[in-house]
There are 2 protein chains.
Amino acid sequence: MASLHDVAQLAGVSKSTVSRVINDEYGVKKATRIKVMKAVEEVGYVVNQVAKDLKSQRTHLVGVIVPRVSSHATAQGVDGLSKVFDEAQKHVLLASCQQNAQKEIEYIQLFNKKRVEGIVLYATHIDQQLVHAIQQSYAPVILVGQDGSLFNIPSIIHDDLRVGFEAGNRLLNAGCRQIGFIGVADSDVAVDKMRSEGLQQALQMRQAEPLLFHSHGEFTIESGYSQMKQLLERFPQTDGVFCATDRIAIGAINALKDAGITAGKEVKILGVGNDELSAVCAPSLSTFNYAFDKAGESAARVLLELIEGKPQVMSKVVLTFQNIDRETC
Amino acid sequence: MASLHDVAQLAGVSKSTVSRVINDEYGVKKATRIKVMKAVEEVGYVVNQVAKDLKSQRTHLVGVIVPRVSSHATAQGVDGLSKVFDEAQKHVLLASCQQNAQKEIEYIQLFNKKRVEGIVLYATHIDQQLVHAIQQSYAPVILVGQDGSLFNIPSIIHDDLRVGFEAGNRLLNAGCRQIGFIGVADSDVAVDKMRSEGLQQALQMRQAEPLLFHSHGEFTIESGYSQMKQLLERFPQTDGVFCATDRIAIGAINALKDAGITAGKEVKILGVGNDELSAVCAPSLSTFNYAFDKAGESAARVLLELIEGKPQVMSKVVLTFQNIDRETC
DNA sequence: TTGAAAGCGTTACCAA
DNA sequence: TTGGTAACGCTTTCAA
């Protein structure tokens, strides 16, 4: 592949001159410019950005780490942040970890070798190892979805405590008395811990019955289904269920259906996320709208400021949500 | 940020020696090795991959260009190809074009500057300009979703003609006589042209009534809804509709519902893709399963072979599909 | 208006 | 077993 050197030779000028022409600098005679441009055409010269990056010590690269891209939260998020980065002329190096938490750390290190200017990390949990890796990172890291502010890692999160609190109030207002929670791994602070805690706070404050159950499963429809099925047997008195995500909630709706129960009548169901699925399923799912695209955009914007060396002004951004009332509550 | 040079100085050895230690080459005295490792720790040395890439003339980078990531086809595809590239130690530079076709070309050029080793392009249409840009690319390009084999661009596609043909047969077998097609932009050969053409061929072969209508819209539920609504007025005799995608089909189901018609009874509906939505909506959507994850994996694998300099053995891979029978047909 | 040379951080070859 | 040096492809400074 042709280099500046080849072009220079063909045009009969020096590399410096070719460089000047390529970069539209002035102070080059028109005749030389044309001569050079012709040579560029002829050899099919394409700038070597790697060399340029090395010379300039800037890569214009940002790293994005996600557990997987085919989830509502991350897909929307990646589109959101791509847009912002694109406008800022940054390019996205994407790593999909296939749910393998160890890889998050490997990618943080890899991205540092690649000299990315910043990293957006969609985490599902946060432990000592991860915190350490982030602190070791030369490139600034911003966390999305989990709260790392305790460790001074700037974070974009959703208001998971309040969403649980709201869920409790919505279920109680709908007349529920025996309320349970279907969550995910308890290492997931945002999705499992905060949301259930908010729910419990609401029950306490309203002096309702304490939480009937809190079960742990996966982020899938199938998992929601099988959990709800088991829970129905153990807790037939259940009349309200708050599910940590919409997909889990849809599984729960199906389990109720199979048991001859209509979600929204005998048992109220509430999800989180406002996944497209929730509008389409039957009965349609009452939920909370989480602005995943805005989360991505915010993360990108905050990271850009950090990259530009602006002082870090916030320790976290907590995004709000909207109640979405449909048929199941 | 510390470089080999700094480490060398601190350890009191030459850069060459440090390089040898870093890269685990043998022929280094144990004592020196330890001395160097200590220095590495001390200055927090991190390899500069940019310099390494320049020196070795290899970036281990592949570019992936998508119209957007938050669609079933691309999200699944990106996860699939990420997995394969990850195993092959390649890293993914992702560009989300926000449906702006001009950007596809810009990104092909940008990626060449960045010296990616190959490019996966999810295209929504294919024109002279795009073909030209691909032919100019030094990095091999593989197309997903559209057939570029006519221009000698290796392509991974779904069997869009046959899916239309099958759709025709399924609708006819279900007793439909007045069949229409709801498509997308007619510049989209794969999704609009091929699928409708297959449908027409089935109608012809079975000597059924010719296609009642062929309308053009967007890839959204809303668009499917508004089109179906209009078409119902113009063609009240319709008893079967093949929709170019599942989302469009779901919009159509809702439009029928609003008109007091049950999809699957008076009017049969068929979609394409087996989007998760199709299993969850009511009535549930009969469709065709497209293996988007496999498409991504295939693309990655084919590209890897090209990168490794293996001869190009195929001009396209046509993936098959499965009929998914649910309630609407 | 142009060119020569140094240097970005590596590796690889040759010499010591 | 180690070190010096050139080279990867570019930009930038200084001199001509």
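A/Thr32 comes within 4.0 angstrom of the backbone, heavy atoms only, and of no base. Residue contacts shown for A/Lys55 include a base, since a base heavy atom lies under 4.0 Å away. A/Thr17 comes within 4.0 angstrom of the backbone, heavy atoms only, and of no base. Nucleic acid contact for B/Val13: sugar-phosphate only, since backbone atoms but no base atoms lie under 4.0 Å from a heavy atom of the residue.
Residues forming a side chain to side chain donor-acceptor pair (under 3.5 Å) with B/Thr17 (at least two apart in sequence, or on another chain): B/Ser14. The salt bridge (charged side-chain N to carboxylate O under 4.0 Å, His left out) check on A/Glu117 picks up A/Arg58, A/Lys90, with sequence neighbours excluded. Contacts of B/Glu305 classified as side-chain contact (heavy atoms from CB on, under 4.5 Å), with partners at least two apart in sequence or in another chain: B/Lys310. Residues meeting the side chain to side chain donor-acceptor pair (under 3.5 Å) test with B/Asn48, sequence neighbours left out: none. In this view, A/Lys103 and B/Asp86 satisfy the salt bridge (charged side-chain N to carboxylate O under 4.0 Å, His left out) rule, not counting sequence neighbours. Residues passing the side chain to side chain donor-acceptor pair (under 3.5 Å) test with B/Lys29: none are found, sequence neighbours excluded.
When side chains are defined from C-beta on, B/Asp293 does not count as touching B/Lys83, because their heavy atoms never get closer than 4.5 Å. No side-chain heavy atom of A/Tyr45 sits less than 4.5 Å from a side-chain heavy atom of A/Leu10. Counting heavy atoms from C-beta on, the side chains of A/Val191 and A/Asp160 never come closer than 4.5 Å.
Put simply, chain A comes within 4.0 Å of DNA chain C, heavy atom to any atom, from C/dT1 to C/dG9, going 5' to 3'. With a cutoff of under 4.0 Å to any heavy atom of chain A, the contacted region of DNA chain D is bounded 5' to 3' by D/dG9 to D/dT13.
Residues B/Asp188 and B/Gln146 bring a donor and an acceptor atom of their side chains to less than 3.5 Å of each other. Checking B/Ser137 against B/Asn112 by side-chain atom types alone, a donor-acceptor pair falls below 3.5 Å.
At its two ends the helix from C/dT1-D/dA16 to C/dA16-D/dT1 runs along axes set 50° apart, each axis drawn from five pairs and the angle rounded to 10°.
DNA chain D is contacted by B/Gly27, B/Val28, B/Lys29 of residues 21-29 of chain B, taking any non-hydrogen atom closer than 4.0 Å. Looking at residues 37-48 of chain B, you'll see that no heavy atom sits under 4.0 Å from any atom of DNA chain D.
Rounding to the nearest 0.5 Å gives a distance of 10.5 Å between CD of B/Glu104 and CD of B/Gln99. The CD1 atom of B/Ile134 sits 5.5 Å away from the CG atom of B/Leu121 when rounded to the nearest 0.5 Å.
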Kindly list each side-chain donor-acceptor pair under 3.5 angstrom involving residues 147-157 of chain A, sequence neighbours excluded, with atom names and distances?
from, atom 1, to, atom 2, distance (Å)
A/Asp147, OD1, A/Ser149, N, 2.8
A/Asp147, OD1, A/Ser149, OG, 2.6
A/Asp147, OD2, A/Lys316, NZ, 2.7
A/Ser155, OG, A/Gly148, N, 2.8
A/Ser155, OG, A/Ile153, O, 2.8

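With DNA chain D read from its 5' end, the first of the two nearest nucleotides for B/Ser56 and B/Arg33 is the one closest to B/Arg33.
By the 4.0 Å N-to-carboxylate-O rule, B/Glu297 lies close enough to B/Arg301 to be salt-bridged with it.
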